[in-house]
Amino acid sequence: MSTITNSTNIFWQECQIGKPDRQKLLNQKGCVVWITGLSGSGKSTLACSLGRELHTRGKLSYVLDGDNLRHGLNKDLGFKPEDRTENIRRTEVAKLFADAGLICVASLISPYRRDRDACRAMLPDANFIEVFMNMPLQLCEARDPKGLYKLARSGKIKGFTGIDDPYEPPLNCEIEIKQENGVCPTPTAMAGQVVSYLENKGFLRS
């Protein structure tokens with residue numbers, strides 16, 4: 001058989017057990033909580049705190065961390081704009097977690113607005129919750145938990161978001177987390193803000 005670029009002659013296979021059945025079993029609604037922001041803004045901290053808080057409430061979630069994905073599914077990608085776009089596209093697996101009835105917490109810089117909007121478009125019925133870690137560059141660079149800003153400033157890393165590659169902030173995110181009077185909220189407070197949103201929107205019950 002010849003090798004072709006795009007898949008053809010394929011058909012979607014429906015099963016008797018669907019998303020509503022899985023959600024009823026778990027007593028929750030599947031969705032994607034997409035956390036975006038600069039490196040060092042607290043995305044992973046929030047993701048882990050949110051996962052822990054949901055677990056204590058008996059809710060099933062799974063965290064897709066951007067760095068973890070680059071150890072496996074996306075390990076063949078670099079950081080050129082086209083690679084960043086493909087990195088986000090492959091995170092379509094978040095949609096599968098949501099379809100399984102889980103609350104999928106995706107934590108990625110995801111600097112380009114068009115890529116995040118493409119992810120939103122894949123999920124119907126407002127099941128995409130965009131959380132913007134709106135922390136100033138100065139704070140993120142002062143934290144520099146992985147030492148990446150220092151490398152970027154010295155020219156050892158090229159195309160680093162916030163330094164020599166742009167970050168496009170969300171225009172209409174569901175949740176914005178930022179400093180209050182110059183003080184960052186605690187991980188527990190950030191997770192609580194997201195959990196309150198999920199409760200109010202009915203995601204924590206079937």
Side-chain angles (χ1 to χ4, degrees), residues 32-53 61-94 104-120 128-194:
V32 174
V33 177
W34 191 280
I35 306 174
T36 177
L38 293 170
S39 178
S41 61
K43 299 182 302 299
S44 295
T45 298
L46 170 57
C48 292
S49 296
L50 177 58
R52 184 171 57 251
E53 178 62 27
S61 66
Y62 193 86
V63 174
L64 290 176
D65 182 84
D67 278 1
N68 291 355
L69 288 169
R70 284 184 175 272
H71 277 84
L73 180 65
N74 296 339
K75 67 180 179 181
D76 59 320
L77 299 175
F79 291 89
K80 295 183 292 186
E82 57 269 29
D83 285 341
R84 290 176 183 268
T85 294
E86 177 62 12
N87 182 54
I88 302 306
R89 189 197 68 80
R90 290 186 193 178
T91 311
E92 182 181 356
V93 294
C104 182
V105 183
S107 170
L108 302 96
I109 293 174
S110 44
Y112 306 136
R113 198 174 294 129
R114 67 176 184 274
D115 296 336
R116 299 192 303 268
D117 289 345
C119 290
R120 179 186 293 275
F128 184 90
I129 299 110
E130 189 173 29
V131 181
F132 176 31
M133 298 297 295
N134 187 6
M135 301 295 167
L137 174 61
Q138 295 83 355
L139 171 65
C140 298
E141 191 168 357
R143 289 174 172 173
D144 203 10
K146 302 170 186 176
L148 299 177
Y149 284 101
K150 184 177 180 180
L151 292 173
R153 290 292 189 188
S154 66
K156 295 179 180 179
I157 294 180
K158 301 295 184 184
F160 190 76
T161 301
I163 302 299
D164 56 352
D165 201 71
Y167 177 81
E168 300 170 354
L171 298 178
N172 295 291
C173 61
E174 281 71 23
I175 301 171
E176 181 180 5
I177 295 179
K178 57 184 179 180
Q179 294 177 310
E180 294 291 340
N181 299 318
V183 178
C184 294
T186 66
T188 300
M190 293 191 296
Q193 187 176 339
V194 179

Testing the basics here: between [X] and [Y], what is the closest heavy-atom pair and its distance to 0.1 Å?
X: Ala94; Y: Val32; result: O-CG2, 3.6 Å
X: Ala47; Y: Ser107; result: CB-CB, 4.0 Å
X: Arg70; Y: Leu77; result: NH1-O, 3.0 Å
X: Cys184; Y: Leu139; result: SG-CD2, 3.4 Å
X: Pro166; Y: Tyr112; result: O-CE2, 4.0 Å
X: Leu148; Y: Ser39; result: CD1-OG, 4.3 Å

Given side chains that start at C-beta, do those of [X] and [Y] come closer than 4.5 Å, heavy atoms only?
X: Leu64; Y: Trp34; result: no
X: Asn134; Y: Pro169; result: no
X: Met135; Y: Ile177; result: yes
X: Leu46; Y: Met133; result: yes
X: Gln193; Y: Pro185; result: no

I need the [X] [atom1] to [Y] [atom2] distance, nearest 0.5 Å.
X: Leu137; Y: Ile163; atom1: CG; atom2: CD1; result: 5.0 Å
X: Ser41; Y: Tyr167; atom1: OG; atom2: OH; result: 7.5 Å
X: Asp115; Y: Glu86; atom1: CG; atom2: CD; result: 10.0 Å
X: Cys119; Y: Phe128; atom1: SG; atom2: CZ; result: 5.5 Å
X: Met190; Y: Ile35; atom1: CE; atom2: CD1; result: 8.5 Å
X: Ile109; Y: Phe160; atom1: CD1; atom2: CZ; result: 6.0 Å

Within 6.0 Å of OH in Tyr62, more than 12 heavy atoms from elsewhere:
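Incorrect, the count does not exceed 12.
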Is atom CG of Asn172 surrounded by more than 12 heavy atoms (other residues, nucleotides or ligands) closer than 6.0 Å?
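Atom CG in Asn172 is not crowded, with 12 or fewer foreign heavy atoms closer than 6.0 Å.
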Show, in sequence, the C-alpha distance, side-chain angles and deciding distance for Lys43 and Leu108, and conclude whether the side-chain contact (heavy atoms from CB on, under 4.5 Å) test is met.
CA-CA 7 Å; Lys43 299 182 302 299; Leu108 302 96; 5.9 Å; no
Single hit among Arg114, Arg120, Arg113 for side chain to side chain contact (heavy atoms under 4.5 Å, CB included) with Arg116
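Of all the options given, the one that passes is Arg113.
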Take Glu130 and Ser110 through the side-chain contact (heavy atoms from CB on, under 4.5 Å) test and state the conclusion after the steps.
CA-CA 11 Å; Glu130 189 173 29; Ser110 44; over 6 Å; no
Would you sort out whether Phe79 and Thr161 count as a side-chain contact (heavy atoms from CB on, under 4.5 Å), showing the intermediate values?
CA-CA 10 Å; Phe79 291 89; Thr161 301; over 6 Å; no
Donor-acceptor pair, distance only, cut-off 3.5 Å: does the side chain of Arg84 make one with the backbone of Pro111?
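Such a contact is absent between Arg84 side chain and Pro111 backbone.
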Hey, is Arg153 close enough to Asp144 for a salt bridge, meaning N to O under 4.0 Å?
no
Assess whether side-chain contact (heavy atoms from CB on, under 4.5 Å) is satisfied between Glu53 and Val194, documenting all intermediate values.
CA-CA 10 Å; Glu53 178 62 27; Val194 179; over 6 Å; no
